[in-house]
Amino acid sequence: MVRPVVRGTIKTSVKLAVDVKRAAHEINEDISDIAAEASAEAFASDVRGDADVPRQGVKKARTGKAVATD
């Protein structure tokens, strides 16, 4: 009597885990696509010499000094 309930619970849990894994994989693909597009746009703007897109790999130097704003 308990066996069918436990079996059903496990079956549902496995099905849910597979669905979550599939959704996570799709989200990862979407994020990878967006990152590739952004990288391509940054590269293209760098080749064209556009100043509106920051260059990748270039960091601004920080002075570490606090500036008071009144």
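As a basis for the values below, the full set of heavy atoms in this structure was taken, side chains included, without hydrogen atoms, waters or symmetry mates.
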- Message: Just verifying a value: how many Å separate Thr12 OG1 and Arg7 CZ, rounded to the nearest 0.5 Å?
- Response: 10.5 Å
- Quick note, side chain to side chain donor-acceptor pair (under 3.5 Å) partners involving residues 28-37, not counting sequence neighbours, are His25-Glu29
- In the hydrophobic cluster built from side-chain contacts under 4.5 Å, what are the other members alongside Ile27? Ile31
- Listed by chain and number, what are the side chain to side chain contact (heavy atoms under 4.5 Å, CB included) partners of Val5, not counting sequence neighbours? Thr9
- Task: Report the residues that fulfil side chain to side chain contact (heavy atoms under 4.5 Å, CB included) with Arg3, sequence neighbours left out, ordered by chain and then residue number.
- Result: none
- Message: Connecting only ILVMFWY residues whose side-chain heavy atoms lie within less than 4.5 Å of each other, what is the rest of Met1's hydrophobic cluster?
- Response: none
- Ile34: what forms a side chain to side chain contact (heavy atoms under 4.5 Å, CB included) with it, not counting sequence neighbours? none
- Item | Pairs satisfying salt bridge (Lys or Arg N to Asp or Glu O under 4.0 Å), at least one member in residues 9-28, at least two apart | Asp19-Arg22
